[in-house]
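The next block holds one structure in the form of structure tokens; read it before the comments.
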Protein chains: 2
Amino acid sequence: MDTKVTVRTAEVIYAELVRRIVEGQLGPGDALNEVPLAAEFGVSRTPVREALQHLSISGLAERGPRRAFVVRRTDVPMLEDLFEALGEMEALCARMAALRMTAIERHRLAATVEEADGAVRDGDHAAYSGLNARFHAAICSGAHNRALDAATQVLRMRTLPWREAQFRAAAARLESSQAEHRGILEAILAEDGEAAHRAMRGHIAASMLLVTRMARERAG
Amino acid sequence: MDTKVTVRTAEVIYAELVRRIVEGQLGPGDALNEVPLAAEFGVSRTPVREALQHLSISGLAERGPRRAFVVRRTDVPMLEDLFEALGEMEALCARMAALRMTAIERHRLAATVEEADGAVRDGDHAAYSGLNARFHAAICSGAHNRALDAATQVLRMRTLPWREAQFRAAAARLESSQAEHRGILEAILAEDGEAAHRAMRGHIAASMLLVTRMARERAG
DNA sequence: TTGCGCAGTTATGTATACATAATCAACTGA
DNA sequence: TCAGTTGATTATGTATACATAACTGCGCAA
């Protein structure tokens with residue numbers, strides 16, 4: 001058996017901080033000081049430091065004043081870079097997934113889209129966010145290339161805060177996003193790699209338009 | 001002024017360990033124990049730990065027996081994943097670079113290729129390795145997308161040990177590699193994105209063939 | 001002979017004390 | 001009044017001691 005009972009404290013803290021940043025509970029520029037966090041989690045600075053370094057390497061934190069870590073501030077040009085790169089890479093995944101996914105994987109993907117229909121009907125953006133993540137993750141893993149999957153996930157994590165905010169802010173985005181998902185799904189089920197590629201690129205581009213507009217409004 | 005006098009010890013150690021792994025001084029599975037490394041660098045375990053965690057996140061180290069870090073072992077299927085992903089991403093960079101590089105960047109890229117001609121003539125694979133790295137880095141940065149550049153560099157780092165070994169092992173690879181570089185360069189100078197994409201994909205695929213063959217021979 | 005279990009060994013996981021660098025603010029002198 | 005400097009403050013950087021988990025090998029019993 002290889003049941004891991006021990007969970008590394010640092011990873012728990014890392015995951016929790018990621019959650020807070022993604023959900024917007026911690027905003028850009030917010031302090032991530034070691035001592036308060038250590039006190040909050042009831043541990044010493046050591047595992048907290050580890051988590052913060054991991055966050056920094058993942059691109060979710062950066063060095064602020066007094067060398068302290070703060071939640072990473074992302075300006076509009078960087079956001080555009082991130083979404084452009086993400087769009088290309090997820091499109092790549094979609095093309096490969098259309099050609100490589102197993103029958104079971106295709107079935108699961110279709111089920112996820114079905115389930116998301118319900119969330120859209122109810123206007124439940126929290127549920128939709130989760131299903132959206134599952135949809136994209138399923139496609140990236142369906143490309144059957146672990147290196148590409150991992151590389152894409154890093155970018156997805158860095159854009160996640162904005163993508164989540166997008167659903168919270170613009171209720172109409174749920175419907176258009178879901179429609180785009182349907183298009184991607186159909187292309188994948190039809191094993192049409194080029195169509196899947198195009199559809200995914202368009203989908204991410206649509207997100208980028210909304211997100212950069214939001215970011216500009218907030219800044220201006 | 002923001003001249004940084006202080007160099008973070010952990011980063012120095014990280015860079016040194018990366019160098020050793022890339023140059024083959026440290027091979028797959030070799031132990032990366034904290035105490036001996038700390039003694040060698042004349043510091044305590046703390047900064048060494050930091051460097052090792054960074055290595056682990058970068059994909060160059062993994063957990064071995066007794067929870068200790070060891071140099072990551074990469075099997076042939078993973079190698080294929082890495083090269084496939086790298087090929088697609090560098091091809092993406094090449095396409096974008098063909099359309100976006102400035103005149104100065106194009107000029108520098110051409111100069112790098114010229115200089116590499118000399119290394120090929122002399123059969124100096126160490127020099128060629130360096131120029132090869134410069135060539136690829138120039139194209140990735142020439143795409144003018146920092147996120148894509150960063151994502152690609154992570155993959156390049158993980159394949160670097162094998163790509164270096166390739167030049168050391170197969171002298172003929174220098175010439176074919178250089179010929180492929182010329183093809184990529186010409187497409188970029190002609191601002192032909194699609195040709196650059198194709199040429200780069202082919203170039204990485206050729207590397208993959210050689211490298212996986214080497215890996216299989218070594219294993220079998 | 002083989003399987004199980006127990007202890008020894010070894011390396012990391014964690015806590016904590018102290019060192020150090022960077023910032024902020026108050027003070028001084030022109 | 002303002003610029004420059006100096007000291008207090010604050011948070012991280014580093015070292016080290018102790019806790020803990022995992023592997024290894026031995027011994028014992030079936």
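Note that this is a predicted model, so its numbers are computed, not measured. Below, all heavy atoms of this structure are taken into account, side chains as well, without hydrogens, waters or symmetry copies. A, B, ... follow the sequence lines: proteins, then strands. Residue 1 opens every chain.
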Exercise. Given atom CZ of A:F41 and atom P of C:dT14, what is their separation to the nearest angstrom?
Worked result: 14 Å
Exercise. Roughly, in whole Å, what's the span from CZ in B:R45 to P in C:dT10?
Worked result: 15 Å
For this session: Give the rounded distance in Å between these two atoms: CZ of B:R63 and C1' of C:dT12.
Result: 8 Å
Problem set entry | Sidechain N-carboxylate O distance under 4.0 Å for A:E164, A:R173 | no
Problem set entry | Smallest separation among heavy atoms of A:N145 and A:L148, with atom names | OD1-N, 2.9 Å
For this session: Using atom CZ of A:R67 as one end and atom C1' of D:dT9 as the other, report the distance to the nearest whole Å.
Result: 15 Å
Seminar exercise, completed: Ordered by number, residues from residues 26-34 of chain B within less than 4.0 Å of DNA chain C (heavy atoms) are B:L32, B:N33, B:E34
Seminar exercise, completed: Quick note, A:T46 side chain, CB onward, closest among C:dT16, C:dT9, D:dA11 is C:dT16
For this session: Let me know the distance between CZ of A:R66 and P of D:dA11, rounded to the nearest Å.
Result: 7 Å
Exercise. For B:R49 and C:dT12, is the shortest distance between a side-chain N/O and OP1 or OP2 below 4.0 Å?
Worked result: no
Exercise. In whole Å, what is the span from the CD atom of A:E62 to the P atom of D:dA11?
Worked result: 18 Å
Exercise. Do the rings of B:H181 and B:Y128 sit parallel, tilted or perpendicular, given the 30° and 60° boundaries?
Worked result: parallel
Exercise. Should the ring pair B:Y14 and B:H54 be called parallel, tilted or perpendicular, given that the plane angle runs from 0 to 90° and is split at 30 and 60?
Worked result: parallel
For this session: Could you tell me whether the phosphate oxygens of C:dA15, OP1 or OP2, come under 4.0 Å of any side-chain nitrogen or oxygen in A:S44?
Result: yes
For this session: Would you kindly give the CZ-to-P distance between B:F69 and C:dT12, to the nearest whole Å?
Result: 9 Å
Problem set entry | Phosphate-side-chain proximity, A:R8 and C:dG13, N/O vs OP1/OP2 below 4.0 Å | yes
Problem set entry | Any B:V154 side-chain heavy atom under 4.5 Å of B:M157 side chain | no
Exercise. Thinking salt bridges, do B:E50 and A:R49 make one under a 4.0 Å N-O criterion?
Worked result: yes
Problem set entry | B:E115 and B:R108 ion-paired at < 4.0 Å | no
Problem set entry | Whole-Å distance separating the CD atom of A:E50 from the P atom of D:dG13 | 14 Å
Problem set entry | Earlier contact from the 5' end, DNA chain C, for A:V43 and A:G64 | A:V43
